[in-house]
Each structure stands twice: as C-alpha cells, then as structure tokens.
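Notes to accompany the following structure.
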Amino acid sequence: RHKFWETQPVGQFRDVADTSLPDGPIEPPTPLSEVRADPYPLPAAFEWLTCDLDDDALLADLYSLLAHNYVEDDENMFRFNYSPAFLRWALKPPSFFRAWHIGVRAKESKKLVAFISGVPARIRARDDVVRMAEINFLCVHKKLRSKRLAPVLIREVTRRVHQENIWQAAYTAGVVLPTPITTCRYWHRSLNPKKLIDVGFSRLGPRMTMSRTVRLYKLPDAPLTPGFRRMELRDVAAVTRLLRAYLARFVVAPDFDEVDVEHWLLPQEDVVDSYLVESPETHEVTDFCSFYTLPSSVLNNANYATLKAAYSYYNVSTKTALQQLMNDALIVAKQKNYDVFNALDVMENESFLKELKFGPGDGQLHYYLYNYRIRNGIKPSELGLVLL
Ligand code: NHW
Ligand code: EN5
C-alpha cells in the first residue's frame, strides 16, 4: 500500500499494536563514510539545485512555485500563500544548512519545478533531547504529480541530513502516512465573518443573520490585560525562561535556547508576532503569546484574492489566564486586519477554543517523527511542537 514508506525507518501500521517495541531510534546511525556521497538520480530532464535564499530572484521563484502548487484544502477553495519574507524566516534559523534547501529544476528552461527543505532543531521526546531536521515545503509542480518524484526528494533530503550526522526528523502533513505520533484538529476563530462567508471559508449558521454573526464575533478595540505589550529584543532572556519551563510539561517539544527564541519569536512584521504581559508592579514577564502570518489565496472568488490568517504559535500563561491572554491575541490580530485566527488543539489550547468562539475546521494535521518511535503515540494535548 505504501511502496515508498514501507522501506523507511518509520512506525509501520502493522506495528501499531506492538507494545514490545521500545521508544527511541528505530535504526542506529551508520558511519558517515557509508552515507551515499552523490545525489540520487533524477529523471533526465531535471537537475538538483541547492537554493540560496539570500538570492531575491531564487526566493521569488520558490515563492511562486509554492503559491501555485503547495497545499490546498480538501475542496480546492484555498491554497497556502507563504510570503517570501516568511520563507526566509522559516528556512534560515540559527545554524541552518544551505544544502537542506533543495530545489529541482528543468535543465532546459531552468524553471523550478519541485522543492523540499529541512532546518535543524533540537526536539525532546520524553527525556531524550534529539538533534533533528524539521522537514517542510515538500512540493511538486501540479504538472509533475504522481510520477514518484516525492520519494526522490525525500531520499535526497534524508541523505543531506545524514551527511550532517543527524538521523531523526519531524514533519507534519494533512495526509495519513505511516504512522502519526498524534493527529490534531484545526480550529478557526472568525475575525472578519462577512468576508469569510463571502469566500466560502465559513457559512452563516442556521437561524443566524449576517448582523447577528458580525455581533457574535465582535472584539474590543484594544487588549484588556494591563501590561500587555509587544515582545522586544530585551525580552529574549525572560521569554526563553518562561517558554523552557512551560515546554518541559509536554511529551514532545522543541528545546529552545535564547538564540532560537530570538529567531523564532522576536516579532517580524507580517511574519511572526509575539506579545507578553509585563507586570505593572514588578516588571516581571509573566505571560506570553505568539502567532505567525500565513495568508491563503482564495481560488475562484470574484471579490477577494487572499485571506489573511494568523496561526497560534507558542503561548505561556503563568499569571494571566490562558483564555484572557488569547482573547488579547485575538484583539491584536483583529486590529492588524487578520480575517481569521487559527489554532491546533495542541498543548493547553482546548482550554480556550470553545470559550473564545473558535469552531472546528474540516482539516487535520498529522505529526510524524522519522527514525524515532513513540510507543502508542501521544495525545494532541501532550504535544508542545508547532511547525510552520
Ligand atoms: S506536508 C505538505 C506536502 N506538500 C503538499 O501537500 C503540496 C501539494 N502536493 C504536492 O506537491 C508538509 C505533491 O502531491 C507531493 C507528493 C509532493 C506532496 N509527505 O511523487 P509521488 C511537508 O512538506 C508520498 C510525505 O508520486 P505526488 C512535510 C505518498 O504516500 N510523503 O506523489 C513533508 C507516496 O508514497 P507511498 C508523501 O503527489 C515530509 C509517494 O509520496 C506526502 O506527485 C516529507 C508518492 O509520490 C507528504 N505530504 O507528490 C517526509 N504526500 O509510500 C520527510 C505524498 O505511499 C521524512 N507522499 O507509495 C523525513 C526526511 C528527513 C530524514 C532525516 C533523518
Ligand atoms: C504543514 N506545515 O485543510 C502543513 N485547512 O481546517 C501541511 N478549513 O482551512 C498540512 N474545505 O474548516 C496542511 N472552515 C493541512 C491543512 C490543509 C488546509 C486545510 C482547513 C483546516 C481549513 C476551513 C475552510 C474549509 C473550506 C472547504 C474551515 C470552517 C471555519 C468555521 C468558522 C466559524 C466556526 C466554525 C468553523
């Protein structure tokens, strides 16, 4: 059934019930001298291209490949539209490897037709902090689908990750593969209900008028929590302390240090936004919330071309109730003109989703580890990892 995935060191469906298999690496590392030295062969018309994302022209080509060929919802009404600035942020974290930004182009036209990427991360599974690659942006041009190009891309990124002496990876997908460590649901909070209904993202509820719906989703004009403000560079140490203490509670979570926090959480306009609560009395940083910006193209709508979506990222509450903190996140997202605020049911998010009028979406997100088994998997609430 899975001609490619059956050959890979991942949890297999046939082993799901086998509780005798231990947690941890599925296969041991091989000596670096045994890692294949040359790239996997591509069909003759194509060639590998290691991408330099500092090159604006190349970045524009990658943006365009993804804007036209990346992930759509199940009814092909929306397609993710990651911005060039977002792609640079997502793909160039501390100590990134340029060799892990892998394009495929047509030899003749030089057109970029496929892509896959990895970035390095330390991810903790139970008490084991493991160096991993986070794999993302796997994409094959629509005209080249179903030709078994994806397994070649996956093998090639695996080879280049192995060359760095890294043997595990984390990735998410909307499709079921062998085998998820957990399956999460997307939830959506309308900020601009009229537009969402117009583009078919949501529907007018039964016995609801447009004006009642607009009123239902109304939010205050400014955040309510005293001391709520945007995160700044001087906050990196305090945010790192808060976040490390919080993520320690989950079974699978990133192991962030200050360098990581500066990259992944310091605000960047239209890429990532972070806010915190600084106690007006003690000036202590007690709470933190963040979201990233990922618009979707609206396919086939006469009135709108894009939906501006915020995605809940990492949130930590110690003094302000999480629900109140996230209400302030909704308020700032509304101020900044986002149409919808999305969140997964990971970490403690269940505790605010219904109360803050999020509704369940039709999409799921499956989380995977490569070459690392977690017996019986985990619950979404035990997961402390958000991938972009
Ligand atoms: S998930 C988003 C993936 N991208 C999209 O959905 C964009 C739109 N779709 C496409 O571009 C986030 C194509 O449909 C793709 C498949 C390229 C998806 N993950 O070439 P074939 C990520 O980027 C398997 C993994 O004929 P295609 C995470 C499929 O099961 N495998 O299909 C990426 C089948 O194998 P099987 C996927 O439609 C994680 C084979 O591909 C997959 O033309 C990557 C068919 O290939 C998916 N999303 O192209 C894994 N979708 O065994 C990283 C399909 O079932 C692993 N397939 O026969 C770790 C590596 C690093 C390890 C380091 C130690
Ligand atoms: C790797 N980083 O399906 C990502 N999105 O629910 C790759 N649905 O937006 C994997 N179908 O439910 C990505 N509106 C997997 C997700 C792919 C994209 C996807 C879903 C997530 C989505 C929307 C639109 C559905 C359009 C028709 C949806 C309902 C919202 C409603 C608002 C009011 C309260 C009830 C819910």
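In each ligand, atom 1 is the first atom listed, and ligand 1 is the first ligand listed. Model, not experiment: these values are computed from the prediction.
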What residue and atom, counting heavy atoms only, is the protein's closest point to atom 35 (C) of ligand 2, and at what distance? Gly359 CA, 3.6 Å
What about the rings of Phe78 and Phe201, do their centers lie closer together than 6.0 Å? yes
Answer yes or no: does an N/O atom from Glu6 fall short of 3.5 Å to an N/O atom of ligand 1? no
Any protein heavy atom lying closer than 4.0 Å to atom 60 (C) of ligand 1? yes
Is at least one protein non-hydrogen atom found at under 4.0 angstrom from atom 13 (C) of ligand 1? yes
Test: Asp273 and Arg230 ion pair at under 4.0 Å: yes
Backbone or side-chain N or O of Ile135 under 3.5 Å from ligand 1 N or O: no
Test: Asp18 and Arg373 ion pair at under 4.0 Å: no
As an exercise, identify every atom of ligand 1 less than 4.0 angstrom from a heavy atom of Thr172. 1 (S), 12 (C), 22 (C), 28 (C)
Can you find an N or O of Ser190 that's nearer than 3.5 Å to an N or O of ligand 2? no
So which heavy atom in the protein is nearest atom 51 (N) of ligand 1, and how far is it from that ligand atom? Val175 CG2, 4.3 Å
Which part of Gln8 is near ligand 1, with near meaning a heavy atom under 4.0 Å away: side chain, backbone, both or neither? neither
Could you see which bit of Leu388 sits under 4.0 Å from ligand 2, with heavy atoms only: side chain, backbone, both or neither? backbone
Quick one: do Arg131 and Glu164 make a salt bridge, cutoff under 4.0 Å? no
A student checking ligand 1 against Cys139 at a 4.0 Å heavy-atom cut-off should list atoms 11 (O)
Do Gln168 and ligand 1 have an N or O pair less than 3.5 Å apart? no
Atom 24 (C) of ligand 1: nearest protein contact (heavy atom, Å): Trp5 NE1, 3.9 Å
Which bit of His162 is near ligand 1, meaning a heavy atom under 4.0 Å away: side chain, backbone, both or neither? side chain
Please indicate, with yes or no, if any protein heavy atom is found under 4.0 Å from atom 5 (N) of ligand 2? no
Would Trp187 count as a contact of ligand 2 if the rule is a heavy atom under 4.0 Å away? no
Counting from 1, what ligand 1 atoms have a heavy atom of Ala169 closer than 4.0 Å? 59 (C), 61 (C), 62 (C), 63 (C)
Going by distance alone, is a donor N or O of one side chain under 3.5 Å from an acceptor N or O of the other, for Ser274 and Tyr313? no
Between ligand 2 and Tyr217, can you find any atom pair, the residue atom being a heavy atom, that is separated by under 4.0 Å? yes
With a 4.5 Å cut-off on side-chain heavy atoms, are Phe97 and Gln163 touching? no
Please check if Val251 and Val130 belong to a single hydrophobic cluster, counting links between Ile, Leu, Val, Met, Phe, Trp and Tyr side chain heavy atoms closer than 4.5 Å. yes
Among protein heavy atoms, which sits nearest to atom 33 (C) of ligand 1, and what does the distance come to when rounded to 0.1 Å? Leu138 CB, 3.8 Å
Answer with side chain, backbone, both or neither: which part of Ala133 has a heavy atom less than 4.0 angstrom from an atom of ligand 1? neither
For ligand 1, which atoms, with element, lie under 4.0 Å from some heavy atom of Leu149? 20 (O)
At a 4.0 Å threshold, what atoms of ligand 1 neighbour a non-hydrogen atom of Ser146? 26 (O), 27 (P), 43 (O)
Does Lys334 come within less than 4.0 Å of Asp221, counting only side-chain N to carboxylate O? no
Determine yes or no for a side-chain-to-main-chain donor-acceptor pair under 3.5 angstrom, with Asp339 supplying the side chain and Lys308 the backbone. yes
Applying a 4.0 Å heavy-atom criterion (strictly less than), which segment of Tyr171 is in contact with ligand 1: side chain, backbone, both, or neither? side chain
About how many Å separate CG of Leu112 and OG of Ser64, when rounded to the nearest 0.5 Å? 8.5 Å
Output for pair (Leu325 CG, Thr320 OG1), nearest 0.5 Å, gives 6.0 Å
For the side chain of Glu108 and the backbone of Ala45, is there at least one donor-acceptor N/O pair under 3.5 Å apart? no
A student checking ligand 1 against Asn136 at a 4.0 Å heavy-atom cut-off should list atoms 12 (C), 22 (C), 23 (O)
Can you name the atoms of ligand 1, numbered from 1 with element, that are less than 4.0 Å from a heavy atom of Phe4? 35 (O), 36 (P), 52 (O), 58 (O)
Would you say the side-chain atoms of Asn192 and Tyr217 include a donor-acceptor pair closer than 3.5 Å? no
Does Asn300 have more than 12 heavy atoms from other residues, nucleotides or ligands lying within 6.0 Å of its CG? no
Closest heavy-atom approach to atom 34 (C) of ligand 1 among Arg145, Arg148, Lys3 is made by Arg148
When you look for heavy atoms under 4.0 Å from ligand 1, do you find them on the side chain of Phe137, its backbone, both, or neither? backbone
Residue Tyr370 vicinity, atoms of ligand 1 by number, heavy atom under 4.0 Å: 56 (C), 59 (C), 62 (C), 64 (C)
Min heavy-atom dist Val71 to ligand 1 below 4.0 Å: yes
Candidates Lys357, Arg189, His188; heavy atom nearest atom 21 (C) of ligand 2 found on His188
Regarding His101 and Ser117, do their side chains bring together a donor and an acceptor under 3.5 Å, going by distance alone? no
Looking at atom 27 (C) of ligand 2, what's its closest protein heavy atom, distance included? Glu75 OE1, 2.7 Å
Please work out whether any backbone atom (N, CA, C, O) or any side-chain heavy atom from C-beta onward of Val71 is under 4.0 Å from ligand 2, and answer side chain, backbone, both or neither. side chain
Cationic N near anionic O, under 4.0 Å, Asp23 to Arg375: yes
Exactly one of Trp264, Phe86, Tyr82, Phe80 clears ring-ring contact (aromatic ring centres under 6.0 Å, His included) with Tyr292, and that residue is Phe86
Does Lys379 offer a backbone N or O that forms a donor-acceptor pair with the side chain of Glu382 under 3.5 Å? yes
Would Thr172 count as a contact of ligand 2 if the rule is a heavy atom under 4.0 Å away? yes
Kindly say whether Trp167 contributes a backbone atom to a donor-acceptor pair with the side chain of Asn371 at under 3.5 angstrom? yes
Any protein heavy atom at under 4.0 Å, with atom 29 (C) of ligand 1 as the reference point? no
Is the closest heavy-atom distance from Pro360 to ligand 2 below 4.0 Å? yes
Are the side chains of Asn349 and Phe358 in contact, using a 4.5 Å heavy-atom criterion? no
Salt bridge check: are Glu156 and Arg160 linked by an N-O gap of less than 4.0 Å? yes
Which is it for Phe358 and ligand 2 at heavy atoms under 4.0 Å: side chain, backbone, both or neither? neither
Could you check atom 25 (C) of ligand 2 against the protein and tell me its nearest heavy-atom contact, residue, atom and distance included? Asp362 OD2, 3.3 Å
Is Asn69 touching ligand 1 with its side chain, its backbone, both, or neither, if touching means heavy atoms under 4.0 Å apart? backbone
Relative to ligand 1, is Val161 under 4.0 angstrom through side chain, backbone, both or neither, heavy atoms considered? side chain
Test of understanding: given a 4.0 Å heavy-atom threshold, classify the contact between Leu177 and ligand 1 as side chain, backbone, both, or neither. side chain
Tyr70 to ligand 2: N or O pair under 3.5 Å? no
